[in-house]
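Just so you know, these numbers use all the heavy atoms, side chains as well, and skip hydrogens, waters and symmetry mates. Letters go in sequence order (proteins before strands), and every chain restarts at 1.
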Protein chains: 2
Amino acid sequence: MSVKFPDLNLDKQLCFSLYAASRQVTRLYQPLLKRHDLTYPQYIVLLILWQTDGVMVKDIGHQSQLKSNTLTPLLKRLEQNGLVSRKRAKEDERQCYVFLTDKGKALENECACIPMEMMGQTDMSLDKLMQLKSLLDEFLQLQEKHGG
Amino acid sequence: MSVKFPDLNLDKQLCFSLYAASRQVTRLYQPLLKRHDLTYPQYIVLLILWQTDGVMVKDIGHQSQLKSNTLTPLLKRLEQNGLVSRKRAKEDERQCYVFLTDKGKALENECACIPMEMMGQTDMSLDKLMQLKSLLDEFLQLQEKHGG
DNA sequence: TAGATTTAAATCGTGTGCGATTTAAATGGT
DNA sequence: ACCATTTAAATCGCACACGATTTAAATCTA
């Protein structure tokens with residue numbers, strides 16, 4: 001058994017590491033984001049909007065890999081906090097466009113220091129972080145190809 | 001700015017990739033675990049118990065990096081499903097030991113095929129998966145050292 | 001053009017995650 | 001022995017995630 005499948009345990013361990021690392025990163029972000037009354041998933045959505053303002057919920061979903069059942073309540077919270085506004089598209093009433101408010105746009109500058117602060121907390125070389133990202137992206141791409 | 005911090009965006013993107021990859025892996029596990037009425041975090045806890053039966057909640061917490069506020073309800077669900085039993089330690093009533101039931105022990109064999117099935121779904125070389133795990137573990141270790 | 005199908009969000013229910021607090025048991029210092 | 005402190009679980013509240021379903025709008029088709 002251990003000859004035929006020498007690394008049968010690897011995937012357990014890999015998934016375990018991935019799971020723990022992801023939550024650890026979220027924990028690292030939390031104190032930085034709390035200053036701006038943001039959660040980590042809210043920050044992810046804002047990163048998407050700061051890149052391109054006025055995006056459909058569907059497209060935010062595609063970029064973040066989150067569905068409307070997660071995004072709708074999250075976006076409502078961002079709206080309640082005055083960071084975004086949601087408008088139905090006139091040409092297709094099913095679609096909902098999300099726009100940054102002035103406050104939401106201003107927040108981008110206030111959050112500008114976060115990436116730097118995070119980098120400082122990782123203690124890993126830039127080279128290894130890039131390697132890590134590259135491997136994760138390869139995994140995600142293979143998944144997108146295979147899983148639709 | 002871009003000279004001094006050439007990859008300021010890397011960490012945004014890396015965290016994003018990590019976040020997406022972790023959830024993708026959970027999604028891959030779900031259909032396999034559903035057959036046994038398990039969630040992914042429940043499976044993680046069972047992996048720990050299959051390795052060593054009769055562990056304190058505290059130790060499960062240390063291995064899984066989950067606290068009692070997550071573990072207590074999760075363990076109660078496992079108990080309700082007849083997979084584990086929880087007993088207070090006689091020598092220290094604060095401590096709670098978790099034991100596998102016969103059903104819980106039997107489940108290990110039923111889940112034996114899961115790692116193999118998962119490996120088949122990743123489409124990545126063993127070499128790269130090991131690289132990935134190595135980088136994630138290095139990150140986690142640095143965090144444990146730094147963050148306590 | 002009426003009815004079936006597809007599509008985009010929203011809604012619902014369950015199970016995490018986690019900060020903060022609480023409860024109760026053990027321990028430590030005086 | 002007494003009381004403050006520490007420790008291990010449990011509890012509470014909030015915000016995700018996600019499968020499944022629903023709602024409503026657009027589109028396709030006979």
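- Comparing B:Thr70 and A:Thr72 along DNA chain C, the residue whose closest nucleotide (by nearest heavy atom) sits nearer the 5' end is A:Thr72.
- Shown here are the side-chain hydrogen bond (donor to acceptor under 3.5 Å, both in side chains) partners of A:Glu138, two or more places apart in sequence or in another chain: B:Lys128.
- Screening residues 31-57 of chain B for salt bridge (charged side-chain N to carboxylate O under 4.0 Å, His left out) gives B:Arg35-B:Glu117 as the qualifying pairs, with residues at least two apart or on separate chains.
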(request) Take A:Gln143 and B:Leu28 through the side chain to side chain contact (heavy atoms under 4.5 Å, CB included) test and state the conclusion after the steps. (result) CA-CA 10 Å; A:Gln143 284 300 310; B:Leu28 284 179; 3.5 Å; yes

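- The stretch residues 55-66 of chain A comes close to DNA chain C through A:Met56, A:Val57, A:Lys58, each having a heavy atom under 4.0 Å from the strand.
- Applying the side chain to side chain donor-acceptor pair (under 3.5 Å) definition to pairs two or more places apart or across chains, those involving residues 54-82 of chain A are A:Glu79-A:Arg86.
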Which protein N or O atoms sit under 3.5 Å from an N or O of nucleotides 19-24 of chain D?
| unit_1 | atom_1 | unit_2 | atom_2 | d |
| --- | --- | --- | --- | --- |
| D:dG19 | OP1 | B:Gln30 | OE1 | 3.4 |
| D:dG19 | N7 | A:Asn69 | ND2 | 2.8 |
| D:dG19 | O6 | A:Asn69 | ND2 | 2.5 |
| D:dA20 | N6 | A:Asn69 | ND2 | 3.4 |

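- For the pair A:Leu71 CG and D:dC16 C1', the interatomic distance rounds to 11 Å; values are reported in whole Å.
- Residues forming a salt bridge (charged side-chain N to carboxylate O under 4.0 Å, His left out) with B:Lys105 (at least two apart in sequence, or on another chain): none.
- Partners of B:Asn109 according to the side chain to side chain contact (heavy atoms under 4.5 Å, CB included) rule, which considers only residues two or more places apart in sequence or in another chain, do not exist here.
- Contact of the A:Leu107 side chain with the A:Leu38 side chain is registered, since non-hydrogen atoms from C-beta on lie closer than 4.5 Å.
- The CG atom of B:Leu33 sits 11 Å away from the P atom of C:dT16 (whole-angstrom rounding).
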Under 3.5 Å, side-chain donor or acceptor atoms of residues 87-94 of chain B against the rest of the protein: list the pairs with distances, not counting sequence neighbours.
| unit_1 | atom_1 | unit_2 | atom_2 | d |
| --- | --- | --- | --- | --- |
| B:Lys87 | NZ | B:Ser85 | OG | 3.3 |
| B:Arg88 | NH1 | B:Glu93 | O | 3.3 |
| B:Arg88 | NH1 | B:Arg94 | O | 2.8 |
| B:Asp92 | OD1 | B:Arg94 | N | 3.0 |
| B:Asp92 | OD1 | B:Arg94 | NE | 3.1 |
| B:Asp92 | OD2 | B:Arg94 | NH2 | 2.8 |

(request) List the steps, then state whether side chain to side chain contact (heavy atoms under 4.5 Å, CB included) holds for A:Leu18 with B:Leu18. (result) CA-CA 8 Å; A:Leu18 191 56; B:Leu18 191 57; 3.7 Å; yes

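- As judged by a 4.0 angstrom heavy-atom cut-off over every strand, A:Leu74 is placed among residues touching the sugar-phosphate backbone only.
- Residues from residues 75-92 of chain A placing a heavy atom under 4.0 Å of any atom in DNA chain C, listed by number, are A:Lys76, A:Arg86, A:Arg88.
- Formation of a donor-acceptor pair under 3.5 Å by the B:Thr101 side chain with backbone atoms of B:Gly82 is found in this model.
- Screening residues 38-51 of chain B for salt bridge (charged side-chain N to carboxylate O under 4.0 Å, His left out) gives no qualifying pairs among residues at least two apart or on separate chains.
- Going from atom CG of B:Leu38 over to atom C1' of D:dC18 covers 17 Å, rounded to whole Å.
- For D:dA25, neither phosphate oxygen OP1 nor OP2 lies less than 4.0 angstrom from any side-chain nitrogen or oxygen of A:Gln95.
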